[in-house]
Amino acid sequence: MTKNDKIAWLQQNALDSYIKARAKAEKELDELTPMFCFCGKLATGFHTSHCKKYQDRIKTKIVDQLGYLIPSKQ
Ligand SMILES: [Zn+2]
């Protein structure tokens, strides 16, 4: 499974946990990027919600948190 597959699986099968993990990941990443995004641009809410790098970090964190829920054989 790719990271995007895992995110899709979590959205379909563990939406409640996914929403909580996403909120936690966003909070942690906002603390890491008070001024600038990982890509070097100003970290406005509009930017980070569209930034591929930022969204990718969020996905990584969610999968790290919830990976144990995903069946290993897929
Ligand atoms: Zn960015």
Side-chain angles (χ1 to χ4, degrees):
M1 279 177 113
T2 65
K3 190 157 59 189
N4 283 330
D5 290 339
K6 289 179 181 173
I7 293 293
W9 189 94
L10 289 166
Q11 285 172 336
Q12 282 166 19
N13 299 282
L15 188 60
D16 205 45
S17 302
Y18 170 82
I19 289 168
K20 281 181 198 148
R22 188 178 173 90
K24 187 165 174 271
E26 279 179 347
K27 196 163 169 280
E28 287 172 8
L29 289 182
D30 279 347
E31 283 166 13
L32 289 175
T33 56
M35 277 293 287
F36 296 102
C37 181
F38 301 111
C39 69
K41 294 192 177 148
L42 267 180
T44 62
F46 178 80
H47 172 77
T48 53
S49 66
H50 290 80
C51 178
K52 206 165 180 300
K53 270 196 179 175
Y54 190 92
Q55 293 301 315
D56 201 59
R57 293 269 191 134
I58 286 187
K59 286 178 191 168
T60 302
K61 276 188 174 283
I62 293 169
V63 171
D64 281 354
Q65 282 184 66
L66 300 179
Y68 70 93
L69 293 172
I70 300 170
S72 52
K73 280 189 182 172
Q74 279 279 326

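In what follows, every heavy atom counts, from backbone to side chain, and hydrogens, waters and symmetry copies are set aside. Every number for a ligand or one of its atoms is a count from 1 in the order of the listing. One-based numbering along the sequence shown.
By the criterion of a separation under 2.8 Å, the protein N/O/S atoms near the Zn ion (ligand 1) amount to Cys37 SG, Cys39 SG, His47 NE2, Cys51 SG.
Around atom NZ of Lys3, more than 12 heavy atoms belonging to other residues, nucleotides or ligands sit under 6.0 Å away.
When side chains are defined from C-beta on, Cys51 does not count as touching Phe38, because their heavy atoms never get closer than 4.5 Å.
Every residue was checked against the side chain to side chain donor-acceptor pair (under 3.5 Å) condition with Lys6, not counting sequence neighbours, and none meets it. Applying the side chain to side chain donor-acceptor pair (under 3.5 Å) test to Gln55 and every residue at least two apart in sequence or in another chain returns Arg22.
Side-chain atoms of Asp30 do not come within 3.5 Å of backbone N or O of Lys27 as any donor-acceptor pair.
Sorted by first and then second residue, the pairs that involve residues 8-17 and meet salt bridge (Lys or Arg N to Asp or Glu O under 4.0 Å), not counting sequence neighbours, are Asp16-Lys20.
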